[in-house]
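I have placed the structure first, in the form of structure tokens, so that the comments after it can refer back to it.
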Amino acid sequence: MAVFNITHSNLSTFILMGIPGLETAHVWISIPFSMFYIIGLLGNFTVLFVVYKEQTLHKPMYLLICMLALTDIATPTFVMPNALCIFWFNLKGITVGGCLTQMFFLHTVSVMHSAVLVTMAFDRYVAICNPLRYTIVLTNTRIAKLGLLGLIRAVLFIMPLPLLLSQQPFCANRIIPYTQCEHMAVVKMVCGDITVNRTYGLVLFFVVNMSDLTLVALSYGLIMRAILRLSSKKAHQKALNTCTVHICVMLMYYTPGLFSNLTNRFSQSIAPYIHIILADLYLLIPPMLNPIIYGVKSKDLRDKVGKYICRK
């Protein structure tokens with residue numbers, strides 16, 4: 001894996017402490033964390049396999065679900081192996097370059113995940129508010145292009161974070177009280193002027209997260225208005241059920257994400273280990289629950305998964 005150029009010390013390392021204050025419980029904490037991680041991997045790989053094998057599922061909606069599954073696989077994978085090494089073997093050292101690389105991929109996938117959720121909201125808007133044009137507006141090719149655009153946006157927005165940090169001198173005390181190299185935690189290790197770093201991080205949070213959340217809210221506001229205007233009770237119920245699935249997924253991602261970001265930046269009254277546990281669960285719980293939610297609520301996907309399970 002490529003690492004970013006470190007101008008001040010190529011041999012320097014950070015120490016990831018895991019969950020300070022709960023060191024004696026690290027092994028016990030690792031049990032639910034590893035279970036959540038494994039269940040999430042199994043669920044998302046199952047979704048990818050079933051959609052790949054079934055031609056009838058090669059549709060825009062399921063292509064978006066696959067994109068979501070890929071981000072749900074990548075997000076905890078960039079964190080959990082390292083976190084488990086801390087919990088199980090007390091291996092806390094990480095090079096500065098490795099730390100910045102982890103930070104880059106972790107935040108890039110997070111921004112990409114948000115872009116997929118926005119695209120899913122747009123997909124549901126077209127499907128419910130303009131169903132006759134759905135197959136024209138949203139094709140597999142167009143969804144793939146939107147996915148690529150979301151990835152390019154994520155890389156371009158996140159790339160300055162490690163590049164700016166790689167030009168800064170780090171203090172002698174390089175202890176990060178987290179299980180991963182989160183941007184705000186690494187910024188605190190800098191001894192130079194961090195005004196630009198903090199400002200860009202804050203602007204990025206509001207420009208990306210808040211704009212995406214606004215677009216999602218706008219889409220579902222228009223969807224709910226269209227649903228309430230439906231005369232058929234059956235169509236009304238079907239559209240509402242479809243939206244409920246997506247709204248649950250959106251809430252699971254944005255609610256804890258916003259809470260974790262805001263409390264980490266502005267709240268000093270919450271115990272540090274609460275911040276860390278919330279940040280870790282934020283990376284583990286949505287990837288674990290998303291395939292379960294889609295598997296339960298999407299009849300086509302549920303039937304295909306059931307077919308493969310029964311065949312085995």
Side-chain angles (χ1 to χ4, degrees), residues 1-23 26 29-30 33 37 71 74-113 151 153-205 208 257 260-261 264-265 272-273 275-280 282-284:
M1 180 182 292
V3 297
F4 294 95
N5 180 39
I6 308 301
T7 58
H8 298 280
S9 177
N10 287 323
L11 300 177
S12 59
T13 60
F14 288 135
I15 303 298
L16 290 169
M17 293 302 295
I19 306 178
L22 298 177
E23 288 88 352
H26 271 178
I29 293 171
S30 72
F33 277 24
Y37 178 50
T71 62
T75 300
T77 299
F78 288 130
V79 173
M80 281 312 298
N82 195 57
L84 293 177
C85 284
I86 297 171
F87 293 154
W88 292 342
F89 310 114
N90 206 33
L91 299 176
K92 299 180 178 180
I94 183 171
T95 64
V96 176
C99 188
L100 295 183
T101 301
Q102 183 192 55
M103 183 185 72
F104 168 74
F105 283 113
L106 183 61
H107 289 297
T108 297
V109 172
S110 178
V111 174
M112 177 63 190
H113 189 107
L151 179 60
R153 182 192 75 148
V155 171
L156 292 178
F157 272 125
I158 298 301
M159 183 63 77
L161 294 180
L163 290 179
L164 287 170
L165 283 170
S166 68
Q167 305 304 313
Q168 294 280 11
F170 292 103
C171 301
N173 181 19
R174 300 183 178 186
I175 297 175
I176 299 178
Y178 283 86
T179 55
Q180 73 271 355
C181 293
E182 197 271 339
H183 176 249
M184 285 304 299
V186 180
V187 166
K188 292 175 183 177
M189 300 297 103
V190 174
C191 282
D193 183 11
I194 59 172
T195 304
V196 175
N197 302 74
R198 282 184 174 274
T199 303
Y200 184 76
L202 195 60
V203 169
L204 191 65
F205 170 71
V208 175
S260 178
N261 270 287
N264 189 38
R265 290 175 186 275
Y273 65 85
H275 284 296
I276 299 164
I277 291 174
L278 284 175
D280 288 339
Y282 166 63
L283 299 174
L284 288 169

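For clarity, every value in this text was computed on a predicted model and none was experimentally measured.
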Any residue meeting side chain to side chain contact (heavy atoms under 4.5 Å, CB included) with Leu91, in chain and number order, not counting sequence neighbours: Cys85, Phe89
Working to the nearest 0.5 Å, report the span between CG of Asn82 and OG1 of Thr179. 8.0 Å
Of all the heavy-atom pairs spanning Cys191 and Phe170, show the shortest one and how long it is. SG-C, 4.1 Å
For the CG atom of Leu283 and the OH atom of Tyr37, what is their distance to the nearest 0.5 Å? 11.5 Å
Please name the residue in the list Thr199, Val111, Leu161 that meets the side-chain contact (heavy atoms from CB on, under 4.5 Å) test with Leu204. Leu161
So which heavy atom on Ala279 is nearest to which on Gln180, and how close? CB-NE2, 4.1 Å
Val79 backbone acceptor or donor facing Gln102 side chain under 3.5 Å: no
What do the steps show when you test His107 against Glu182 for side chain to side chain contact (heavy atoms under 4.5 Å, CB included), and what is the final call? CA-CA 8 Å; His107 289 297; Glu182 197 271 339; 4.0 Å; yes
Met184 side chain near Arg198 side chain, heavy-atom distance below 4.5 Å: yes
With the side chain counted from C-beta on, respond yes when Leu165 and Leu100 share a heavy-atom pair under 4.5 Å apart, and no when they do not. yes
Nearest heavy atoms of His26 and Ile19, plus distance in Å: NE2-N, 3.1 Å
Just do the side chain to side chain contact (heavy atoms under 4.5 Å, CB included) check on Phe104 and Val155 with the steps written out, would you? CA-CA 8 Å; Phe104 168 74; Val155 171; 4.3 Å; yes
Would you say Asp280 and Ile29 make side-chain contact, with heavy atoms under 4.5 Å? no
Closest approach of Met17 to Ile175 (non-hydrogen atoms, all atoms of both residues): CG-CG2, 3.1 Å
Just verifying a value: how many Å separate Ile86 CD1 and Met80 CE, rounded to the nearest 0.5 Å? 10.0 Å
Approximate separation, where rounding is to 0.5 Å, of Met103 CE and His183 NE2: 5.5 Å
Considering non-hydrogen atoms only, spot the tightest contact between Thr75 and Leu106 and give its length. O-CD1, 3.8 Å
Any residue meeting side chain to side chain donor-acceptor pair (under 3.5 Å) with Ser110, in chain and number order, not counting sequence neighbours: Tyr253
Phe33 side, atom CZ; Leu84 side, atom CG - distance, nearest 0.5 Å: 9.5 Å
To the nearest 0.5 Å, what is the distance between NZ (Lys188) and OH (Tyr178)? 5.0 Å
Smallest separation among heavy atoms of Cys181 and Ile94, with atom names: SG-CD1, 4.1 Å
